[in-house]
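Every chain is numbered from 1 and lettered A, B, ... according to where its sequence line falls, protein lines coming before strand lines. Bear in mind the structure is a predicted one, so any value in this text is a computation, not a measurement.
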Amino acid sequence: MNYWLLKSDPQEFSWTDLKNSKNQCTHWGGVRNYQARNLLREMKKNDLAFFYHSSTKPQTIEGIVKITAEAYPDPTQFDRNSDHYDPQSTTGDPRWVMVDIEITRDLTAPITRDELQNHPKLEKIILFKNSRLSVQPLKAAEWRMILAMRRI
DNA sequence: GCCAACGTTGGC
DNA sequence: GCCAACGTTGGC
């Protein structure tokens, strides 16, 4: 079992959008960064991830999702009309992938970036090293410490 | 709002 | 293959 943090700009796709999606499930893709792509490929079914709102104030962990489908080609890379269109990617050798996620639980309240930063033992998480990375792995211990910030 | 950091692109 | 230039993101 692996643990992750997935960043989403709520103006593009928010936790509320996910809640309102059919079966509270969605494709999670549009990633066009190799490091993030490689991490997506490492995801296993039933891995858990925090859903994190980026590019907003305050930035927050909104809830927990489960990986329901492992990496498969992201169709938007072949769609000329998509913002994520990549003319250099081919169906024979697709460059970008997505996974499927589904809500497993809400938090009692969102956890802000400030709260994470003030936690004495979370200074090593990737969020504070490379805050721009849109898919971030978390150690099991880190995951538990973050969860413990909300008694759920 | 500014600017540093990051990742990508392109000229050579 | 190097590195300058560029666009974007995010910390402050």
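Under the side-chain hydrogen bond (donor to acceptor under 3.5 Å, both in side chains) test applied with A:R32, the options A:D83, A:D86, A:D74 reduce to a single match, A:D74.
In this structure, A:R95 and A:R41 approach most closely via the heavy-atom pair O-NH2, 4.4 Å.
As rounded to whole Å, 15 Å separates atom P of C:dT9 from atom OH of A:Y52. When the P atom of C:dT8 is taken as reference, atom CD of A:Q11 falls 15 Å away, rounded to whole Å. Distance CG (A:L116) to C1' (C:dG11): 15 Å, rounded to an integer number of Å. Note: CG (A:D83) to C1' (C:dT8) measures 14 Å, nearest angstrom. A straight line from CZ of A:R32 to P of C:dT9 spans 14 Å, rounded to a whole angstrom. One atom, CG of A:L127, and another, C1' of C:dG10, lie 10 Å apart when rounded to the nearest Å. Across the protein-nucleic acid pair, A:D114 atom CG and C:dG10 atom P stand 15 Å apart, rounded to whole Å. To the nearest angstrom, P of B:dG7 lies 12 Å from CG of A:L39.
When each of B:dT8, B:dG7, C:dC12 is scored by its nearest atom to the side-chain atoms of A:Q117, the top-ranked nucleotide is C:dC12. Distances from the side chain of A:N33 to the nucleotides C:dT8, C:dC12, B:dT8 place B:dT8 closest. The A:K7 side chain lies nearest to C:dG10 when the options are B:dC6, B:dT8, C:dG10.
Aromatic ring centres of A:Y72 and A:W96: separated by at least 6.0 Å.
For A:Y52, there are no ring-ring contact (aromatic ring centres under 6.0 Å, His included) partners, not counting sequence neighbours. Applying the side-chain hydrogen bond (donor to acceptor under 3.5 Å, both in side chains) criterion to A:S14, with sequence neighbours excluded, gives A:D17.
In this model, the phosphate group of C:dG10 is not approached by any side-chain N or O of A:Q59 to a distance below 4.0 Å at OP1 or OP2. At least one side-chain nitrogen or oxygen of A:S131 sits closer than 4.0 Å to the OP1 or OP2 atom of C:dG11. Distances shorter than 4.0 Å separate some side-chain N or O of A:R113 from OP1 or OP2 on C:dG11.
Between A:Y34 and A:K57, the residue anchored nearer the 5' end of DNA chain B, judged by the nucleotide with its closest heavy atom, is A:K57.
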